[in-house]
Every structure is written in structure tokens, then in C-alpha cells.
Amino acid sequence: AYVARGEDGEARIEVVYADGGGRQTVTPAGPLGWEPNWAPNGRQVAYTKSENGAERLAVLDMESADVEQRTTVGSASRHPAWSPDGTRIAFVATVDFRTGIYVMDANGRNPHIVTDAITIDGDTRPVWSPDSSRIVFETGGDIYSVTSDGADLQQLTVHEARDAAPQWSPDGSQIAFVSERTGKADIFVMDADGSDPRNVTNTRDALEDRPVWSPDGWSIAYLRQPVKSRPDGETQLYVMGANGSIPRRLGAFSGSGMSEPAWSPDGSQVAVAVTSRLAISSASMETGTNTDTGARLYAVNADGTRERLLADRLADLSPPVWRPVWWPASLPGGQPDDSQPVIGVTPEDGDCNTTVRLDGKGFEPGTMVTVYAGPAPDGSYAPLRTRVEIDIDGRFTLPVDLNRYSGCALGGEVPTGAAFHIGVALTEDDPDGALPELVARTIYGFTDDDLQP
């Protein structure tokens with residue numbers, strides 16, 4: 001999803017498939033639509049609706065196309081951010097000339113401010129921690145975090161230089177951010193409590209900005225702009241190892257303006273909005289496409305291959321947002337009991353070259369199940385093996401090659417905090433294409449350079 005300019009010249013939210021097909025406008029005519037943000041279930045989009053000079057948050061149901069207004073807080077509400085667990089939406093609102101970060105239930109109820117202690121900048125954007133417990137943000141040139149109920153406001157950076165653009169690592173243990181403490185904009189990584197800040201980029205004669213972690217925690221995508229004015233001085237898209245290793249450019253496009261990068265949920269692609277009078281790209285050169293003024297949406301594989309132009313006539317440089325990957329519905333909360341099927345994983349530790357064994361028990365004898373696993377380098381959470389038959393004693397055994405995991409597929413050391421998800425669903429032929437329910441699920445995680453179940 002991204003912000004496009006309609007035929008009437010006004011901003012609308014559009015969606016497009018990653019191959020460039022299926023492009024369509026999804027917000028209704030009338031109010032302007034900005035800042036789309038997918039719900040974790042992939043079925044709704046929260047966005048800023050601007051009408052008659054007022055900014056409100058709305059939620060679009062992608063199946064019914066119904067739009068519901070979610071906020072009446074203050075004179076302006078903007079920058080919606082859905083919590084990863086899907087239960088709440090954080091946003092920025094101005095009430096009685098004071099701007100703060102607010103959190104409300106996903107249905108729009110119980111809005112409350114979480115930044116009572118400070119007044120924030122209007123351009124501040126809330127970023128949820130992966131476990132939905134905290135929000136990190138930048139205001140006044142420093143970075144803060146706060147719990148979702150506002151009970152624990154912490155200032156994470158205290159420096160005379162500007163610190164900005166904080167982003168959580170996928171496991172919530174670290175925060176990447178931009179700092180000017182080296183004398184120019186560079187990317188730093190610190191622990192989630194603000195300790196141990198370390199510089200991971202320091203390219204001579206270049207500014208680096210807008211770091212975004214890959215979903216597996218393996219890499220960071222970011223923007224690079226040469227300091228000196230020269231013909232190739234436009235902003236470019238880069239990716240590097242999370243520790244700053246092996247930086248490399250993605251795509252041939254560049255621009256006088258570029259949005260924050262957006263990783264696809266499986267970590268295989270990066271999308272970005274670009275604007276420039278000389279928006280040069282390999283795709284446009286091959287097709288002879290006109291490259292004069294305009295904003296465009298590009299996607300490129302994380303290994304730098306298959307650059308493509310997905311859309312033009314973008315209304316602004318709001319970051320594009322990928323629809324969350326479908327993962328079959330999980331089991332109810334709580335620990336499984338003896339009556340529920342479970343999945344065991346052996347060995348208990350290893351490396352990327354280790355073939356682990358899944359041992360399922362407690363399943364209905366004689367049934368067929370499908371084993372899902374991910375993330376994979378060539379897809380997301382996808383079937384690993386279909387029609388696995390359950391033994392007469394309710395068990396099954398299946399080897400799993402961890403090289404399917406995208407971090408392992410890239411080679412090198414295992415990223416701490418990443419995870420390999422494994423789930424089992426009953427195999428049923430459903431003509432309506434209903435999503436299967438998982439009957440068992442486990443996570444095999446990378447911790448301290450070992451694999452721990």
C-alpha cells in the first residue's frame with residue numbers, strides 16, 4: 001500500500017502486487033488518504049483521513065471496503081501505527097495546542113496519552129516494540145521509549161547532537177537510529193535501554209539515514225546521500241549487515257527524495273518511494289520510460305536483483321507498507337495440555353547446517369497434516385511438506401533443513417534473536433479456500449549463536 005495522486009490530483013491510498021499487477025485505489029473519493037498502515041491480520045488498513053481541514057484516523061476493511069472513523073481526539077490525529085499484536089493503534093494528536101502520543105484500542109475506544117511528561121514534535125512517529133509493550137520515538141533531537149500505558153517514560157539518548165529515526169530490532173533487544181554525533185548523519189545501534197551506542201556506518205563524504213531492520217534481524221536497509229554536490233549526488237538505497245558489514249547498493253534508481261525503506265515480510269525484497277528530476281533506473285532505461293519529474297514506487301530483491309517500477313504518480317514520499325504475511329491462525333493462548341498435539345524439535349542446538357527433526361505427537365491417527373515453516377528466502381510462511389500421514393500412535397517424524405531460513409541462506413553467522421517458525425495444520429480440501437487452523441506450533445530460535453527450541 002502507498003499514497004498515490006488520483007486523477008483529480010488528490011491523495012488516495014492504492015495497493016499493488018509485488019510484481020506490479022493488480023493496482024487499484026482502495027480509499028473512497030472525497031477525504032484525502034495518507035499514511036497507510038496494515039493491521040497485523042492483513043485485512044484492514046489504518047490511515048490518516050483529511051477532510052475539511054481536519055485530520056482523523058480511519059480504518060478501511062479490505063474485504064468489505066467499509067471505512068470507519070476511529071478518532072475524535074483533539075484538532076488533529078495522524079501517524080497511525082498498529083501494535084504487532086493487533087489490539088491497539090498508536091498515533092499522534094494535538095489537543096489544546098499540545099501534541100502527544102496516544103494509544104487507543106483497535107476499535108477506537110479508550111484513547112489515552114502516553115507522553116504526559118513531555119510535549120512532542122508534530123512530526124514524531126511512534127514505533128512499537130515487537131512484543132507490543134513499548135513505543136519508541138524521537139522528539140527534540142533525542143530518542144525516548146514509553147510503555148503503552150505511559151507508566152515508564154525513558155530518555156534513551158542524551159547528546160548535544162541530533163538523534164532520530166529509531167527502529168526496533170525484530171527481537172526487541174536493540175534499536176537502530178540516526179545520529180549526527182560524528183559530525184554528519186550516521187547510523188548507530190544501541191541496546192533497547194539506551195546503553196552501548198555503536199556506530200555502524202561512517203562513510204566518508206556521505207550521509208546515512210532511515211535505517212530499517214530486515215524481518216530476520218540479519219540486515220539493515222538505509223539511505224545514503226553523498227555530502228558533496230555532484231551529478232551522482234542523489235539519494236540511493238543501501239543494505240548492510242546489522243553490524244555494519246558489507247554495505248552494498250540496491251537498485252540503479254536514485255532520487256532527490258526517498259522514503260524510508262520497507263522490507264517485505266519474508267525479507268526477500270525492499271520497496272521505496274523515490275522522487276527526482278532524474279529518476280534513473282535500469283527498468284526505465286530498458287523500457288525507454290520517460291524519467292522526468294515525478295514520484296515512483298520501486299521494489300528490488302534484497303540481493304540487488306530484479307529491480308522493478310511498481311507505480312508512478314505517487315502523491316508524496318510516505319513509506320510504502322507491505323501487507324503482513326499470512327500465517328495460519330494460531331492456537332488459543334496458554335500452554336498446550338496433554339490433550340493437544342505438540343511438536344518437539346531435536347537436536348536442541350546446532351547451526352545453519354544442522355538438519356533438525358520434528359517429532360509430533362498427540363495427533364489423530366490416520367489423518368493427513370501440512371507442515372508450515374518460515375521465513376524462507378524464496379517465500380514467506382509457506383507449506384514445508386503437504387500430506388504428512390499421522391501414524392497409528394498419533395505421531396509423525398519429519399526432517400527440516402534450516403537452510404530454508406532466510407538468514408541461514410545468506411551465509412555467515414546466525415543472527416541473535418531470529419526465529420524459525422514451524423506449525424502443523426490438518427490437510428483438508430476446502431473449495432472456498434478458507435485458511436487452515438494450526439493445531440500445533442513451535443518456534444526454533446537463534447540465541448547466543450546457537451539454535452535453542
Side-chain angles (χ1 to χ4, degrees), residues 1-72 76-84 86-92 104 106-108 125 128 259-266 269-275 294-299 308-327 380 432-435:
Y2 58 97
V3 181
R5 193 171 300 283
E7 294 182 359
D8 58 1
E10 303 292 358
R12 301 283 185 268
I13 295 172
E14 290 186 353
V15 294
V16 66
Y17 287 115
D19 62 2
R23 179 170 152 185
Q24 60 176 311
T25 301
V26 293
T27 49
L32 308 185
W34 304 89
E35 303 175 325
N37 187 263
W38 285 99
N41 63 15
R43 295 183 174 92
Q44 298 168 299
V45 175
Y47 65 99
T48 301
K49 180 179 71 172
S50 179
E51 186 175 22
N52 299 324
E55 292 179 320
R56 295 286 184 259
L57 301 189
V59 172
L60 167 71
D61 186 288
M62 291 296 291
E63 296 178 356
S64 66
D66 292 336
V67 175
E68 295 182 15
Q69 183 169 304
R70 286 290 198 269
T71 59
T72 55
S77 300
R78 51 197 178 276
H79 310 326
W82 224 298
S83 64
T87 62
R88 290 157 294 170
I89 298 174
F91 60 100
V92 173
M104 64 181 175
N107 60 10
R125 283 167 169 75
W128 286 92
S259 73
E260 177 182 286
W263 286 90
S264 63
D266 65 355
Q269 303 173 72
V270 181
V272 69
V274 181
T275 184
R296 297 174 172 84
L297 175 64
Y298 289 94
R308 56 211 178 277
L309 174 64
L310 301 185
D312 53 13
R313 60 178 180 77
L314 271 60
D316 70 355
L317 291 181
S318 294
V321 285
W322 293 82
R323 184 177 188 229
V325 172
W326 162 67
W327 175 265
S380 50
D432 296 328
L435 303 182

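Just so you know, residue 1 is the first one in the sequence shown, and it goes up from there. In what follows, every heavy atom counts, from backbone to side chain, and hydrogens, waters and symmetry copies are set aside.
Here salt bridge (Lys or Arg N to Asp or Glu O under 4.0 Å) pairs that include residues 22-33, with residues two or more places apart or in two chains, are E14-R23, R23-D312.
Rounded to the nearest 0.5 Å, atoms CG (L310) and OH (Y2) are 8.0 Å apart. With values rounded to the nearest 0.5 angstrom, D66 atom CG is found 8.5 Å from L60 atom CG. Residue W128 holds its CH2 atom at 4.0 Å from CZ of R88, rounded to the nearest 0.5 Å. One finds the OG atom of S318 at 8.5 Å from the CD1 atom of I13 (value rounded to the nearest 0.5 Å). The CH2 atom of W34 sits 12.0 Å away from atom NE2 of H79, with the distance rounded to the nearest 0.5 Å. Atom OG of S77 and atom CE of M104 lie 7.5 Å apart (nearest 0.5 Å).
Of the possible polar contacts, none joining the R70 side chain to the A58 backbone as a donor-acceptor pair under 3.5 Å is found. No side-chain donor-acceptor contact under 3.5 Å links S259 to the backbone of P319.
For the side chain to side chain contact (heavy atoms under 4.5 Å, CB included) test with Y47, the passing option among V3, L57, V67 is V67; the others fail.
The minimum heavy-atom distance linking A39 with P324 is given by the pair O-CG, 3.2 Å.
Legend: residues meeting salt bridge (charged side-chain N to carboxylate O under 4.0 Å, His left out) with D8, ordered by chain and number and at least two apart, are R12. Here E10 pairs with nothing under the salt bridge (charged side-chain N to carboxylate O under 4.0 Å, His left out) rule; sequence neighbours left out. Partners of S50 according to the side-chain hydrogen bond (donor to acceptor under 3.5 Å, both in side chains) rule, which considers only residues two or more places apart in sequence or in another chain, do not exist here. With sequence neighbours excluded, the residues that form a side-chain contact (heavy atoms from CB on, under 4.5 Å) with R5 are A315. For the side-chain contact (heavy atoms from CB on, under 4.5 Å) test, residues two or more places apart in sequence or in another chain that qualify with V15 are A1, Q24, V26, W38, M62. Under the side-chain contact (heavy atoms from CB on, under 4.5 Å) criterion, Q69 pairs with K49, R56, T72, sequence neighbours left out. T48 meets the side-chain hydrogen bond (donor to acceptor under 3.5 Å, both in side chains) test with E35; sequence neighbours excluded. In this view, A46 and V59, P80, W82, I89 satisfy the side-chain contact (heavy atoms from CB on, under 4.5 Å) rule, not counting sequence neighbours. For R78, the salt bridge (charged side-chain N to carboxylate O under 4.0 Å, His left out) test picks out E55, with sequence neighbours left out.
In this structure, the side chains of V16 and L297 come closer than 4.5 Å at one or more pairs of heavy atoms.
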